[in-house]
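Throughout, protein chains are lettered first and strands after them, A, B, ... in sequence-line order, and every chain is numbered starting at 1. No experiment lies behind these values; they were computed from the predicted model shown.
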There are 2 protein chains.
Amino acid sequence: MTEGPTINTIARRAGVSIASVSRVLNGLPTREETVRRVLSAAEELGYVPNSVARSLKNRRTNQVAFAMADIGNPVYLAMVREIQPVLRAAGYRLLLHSTDADVADELDVLRGLGERYVDGLIMSPLRVTDEHLRALAAARAPVVVIGSVPEETGVDNVRADSRTGVRLALDHLYGLGRRRIAFVNGPPDTVPGAARAAAYREALDALGLPYDENLVEVGDFYRAEGATAVRALLDRAADVDALMCANDLIALGALDVLRRAGRRVPEDVAVVGMDDTYLAGVAWPALTSVSLGSERRGRAAAELLLDRLENGQRQARVVTVEPRLAVRASTAGVRDGTDDVPGAGEGTEGEESP
Amino acid sequence: MTEGPTINTIARRAGVSIASVSRVLNGLPTREETVRRVLSAAEELGYVPNSVARSLKNRRTNQVAFAMADIGNPVYLAMVREIQPVLRAAGYRLLLHSTDADVADELDVLRGLGERYVDGLIMSPLRVTDEHLRALAAARAPVVVIGSVPEETGVDNVRADSRTGVRLALDHLYGLGRRRIAFVNGPPDTVPGAARAAAYREALDALGLPYDENLVEVGDFYRAEGATAVRALLDRAADVDALMCANDLIALGALDVLRRAGRRVPEDVAVVGMDDTYLAGVAWPALTSVSLGSERRGRAAAELLLDRLENGQRQARVVTVEPRLAVRASTAGVRDGTDDVPGAGEGTEGEESP
DNA sequence: ATCCCACCCGTAAACGTTTACAGACACGGT
DNA sequence: ACCGTGTCTGTAAACGTTTACGGGTGGGAT
């Protein structure tokens, strides 16, 4: 932990100027002899360039941040797992911010861009307030938002398509003969909550099914709240034959409650989750789930950001990822849960640890 | 995205020197009047200090990195979730490295410390080679290793206690009357693989049970490999009445296979996982699992590192975290899976996303 | 009036790089 | 012998901070 060698140390040892050292280390044309001297001096001293000094001069840090509510959520996790390798391949390090969906925290992150500790930011806010939009407009570095943001904001934007997603699920359930399809949502003041609620109504309309508010329950995007909501739902509308859950965690809670209530899945009640996280494959019965393409969204966001970092003046772009329905035992009546790997071939599954 | 104001801009606008600006912004004693002028100039200009320049001068970045094999693994995830808030509270940002357990990558990270882009590193290598030890000794910044490393290395070290952990599990199974307790391990050349293999033998000895190599299967720390291993095991030793799995992912694979094979869990075969990740609560039946305290280890590592950052010359410390057994349906015959929340009260469960 | 001291503040150097610029030198052509 | 050209390298400034040092000012004590 002694003070490391700098370009100066090398220059002295090699008997050249620091400019020459820098040139050699950056591969600029230099006389053979000088190159040798510098390289061997650097080698002997175990020189490693100081990235902070380099960043100061170059005005780029080769760091990018990803800000999301909570990395414990499998959706964000899936994104990180895609974002990381893309950035890494391009020579960027990844910084993580967990904001707990706290608006003030998110704004802090945005303002923090002024500190220039990263070259860009990928952010996936649960709620998008006016303050967010203002902060985005004032951001001192390129930002890519995962989640819908008005076009005028002029920010690169990666979107899911809950509308089509919910539609896929309801069509599927309808095709299975289900007519009392309930909807268990998270907070409707969140971006995904609002989108999915609207999508549910629309899909019912399209199928010619009536909207019955007894079939709608609002909770939060967690397992425990999902369970609570489904309990209430069963009390209120005993004849439900299908549950559309606004994410996989809610669906997991639903499975627990249904099991306890003695309802068979899928025979009595079919269950569909959303996000198609790897939890869908772990659950039993394995969960049919609408993939909103977290992996693809993560990758797209990373690529948009990289592109923007090379071409700052480009017009803002909006990428929308197509949803897919992954059918598994919780609706299909297949015997067990290993038929389809969740994440739709985008590679999940964890590795071990000490 | 215009070039932001610097301390110079403020100095000019406030009619003072940059030294005064710096002093004011750092809260050093300054005349009332000057303070006002500087602050209001800074305010008007929307000044944000450049953290790169500051880092260069101060020789600290307020960043810390965490390097692990794969953040998709629930164990590392649990660690990140604990590490992040601890660091954040101390004013550090968190940088993530996924190394895929690649030794070369891990060494790169260690050497990269010379670039000074972080003040310290928490690292959880799956394998610890001699090269690791050399690189650790030569590291240019404080490192905390999660996973066992020889004392002489002189590195802060947080350890799990697989030995006691496996012992707890086997005692539990023995107490339930199980005598044909198989062991499904991951690669024995990894730190946890080796430790758990040894622990299994020891625990058998202590219980007076014979070591039967037909009851031992080696695969990898994933679900699919766990499944394969258990299939082989059932073929070879049809009379197993309990499975000790070296981690939760293996155990999930085991549950699948047992279900397909028509073996009831826990009546016919009891299953114990390891790490007590939140997957244990998602599985059905809910998985009894040995907690090796990923959360506590993560927190301990973060605290050790912070302490070391304040007190560089302190003697290296070793922290060992006590294992705990979380008993659930896969051994206890409890009817459903929501009795005990995994992570032993250390707070898991994800949140939702767009 | 002189001296001293306290208090503020500005100048300048430093952190470790990159890079514009110009000087030194060799060489070939006239 | 001179000039031009080209190649290589060193000097110095710059990136945006922090901070040691010393100078200026004003007030109180003598």
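With dA12(D), dC8(D), dA12(C) as the candidates, the nucleotide lying closest to the side chain of I18(B) is dA12(C). Between dT17(C), dC8(D), dG10(D), one nucleotide has an atom nearer to the side chain of N50(A) than all others, and that is dT17(C). Of the candidates dG16(C), dG10(D), dT17(D), the closest approach to any side-chain atom of V16(A) belongs to dG10(D). With distances taken from any side-chain atom of R54(A) to the nucleotides dG10(C), dT17(D), dT17(C), the minimum falls on dT17(C). When the nucleotides dT17(C), dT11(C), dG10(D) are ranked by their closest atom to the side chain of S17(A), dG10(D) comes out on top. Of the candidate nucleotides dT18(D), dT19(C), dA12(C), dT19(C) has the atom lying nearest to any side-chain atom of S22(A).
Following rounding to the nearest Å, L25(B) (CG) and dG16(D) (P) show an atom-to-atom distance of 15 Å. Regarding N62(B), its CG atom lies at a distance of 15 Å from the P atom of dT17(D), rounded to whole Å. Between the CZ atom of R23(A) and the C1' atom of dG10(D) there is a distance of 7 Å, given to the nearest Å. Rounded to whole Å, the distance from CD on E33(A) to P on dC25(C) is 17 Å. Atom CG in N8(A) sits roughly 13 Å away from atom P in dG10(D) (whole-Å rounding). Atom pair I7(B):CD1 and dA14(D):C1' shows a separation of 16 Å (rounding to whole Å applied). Spacing between atom OH of Y117(A) and atom C1' of dG16(D) amounts to 18 Å, rounded to whole angstrom units. Rounded to an integer number of Å, the gap from OH of Y47(A) to P of dG16(C) is 10 Å.
Looking only at atom types and distance, the side chain of D119(A) has a donor-acceptor partner in the side chain of T61(A) under 3.5 Å away. In the model, Y92(B) has a side-chain atom that pairs as donor or acceptor with a side-chain atom of R60(B) under 3.5 Å.
Nearer the 5' end of DNA chain C, as judged by each residue's closest nucleotide, is the contact made by R31(B), out of R31(B) and R59(B). Toward the 5' end of DNA chain D, the nearer of the two residues L28(B) and A53(B), judged by each one's closest nucleotide, is A53(B). Between S20(B) and K57(B), the one whose closest nucleotide on DNA chain C sits nearer the 5' end is S20(B).
For the pair R37(B) and E33(B), the salt-bridge criterion is met [side-chain N within less than 4.0 Å of a carboxylate O]. The existence of a salt bridge linking R317(A) and E151(A) is excluded, since no basic side-chain nitrogen approaches an acidic carboxylate oxygen closer than 4.0 Å. Salt-bridge check for E303(A) with R296(A): failed, with every basic side-chain N at 4.0 Å or more from each acidic carboxylate O. Salt bridge R299(A)/E295(A): absent, no basic N to carboxylate O contact under 4.0 Å.
Each of V103(B), T153(B), V145(B) was evaluated against H132(B); a single residue qualifies, V103(B), per the side-chain contact (heavy atoms from CB on, under 4.5 Å) test.
When heavy atoms are screened at a 4.0 angstrom cut-off, P49(B) is found touching the sugar-phosphate backbone but no base atom. Residue contacts for S51(B): at a heavy-atom cut-off of 4.0 Å it reaches no nucleic acid atom on any strand shown. When heavy atoms are screened at a 4.0 angstrom cut-off, T30(B) is found touching the sugar-phosphate backbone but no base atom. The residue T6(A) sits close only to the backbone: its heavy atoms come under 4.0 Å of sugar-phosphate atoms, none of a base.
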Give every pair of a protein N or O atom and an N or O atom of nucleotides 5-7 of chain D that lie under 3.5 Å apart, one pair per line with the distance.
none

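Contact annotation: N26(A) side-chain N/O to dT18(C) OP1/OP2 distance is under 4.0 Å.
Residues E106(B) and M123(B) have side chains in contact (heavy-atom distance under 4.5 Å, counting atoms from C-beta outward).
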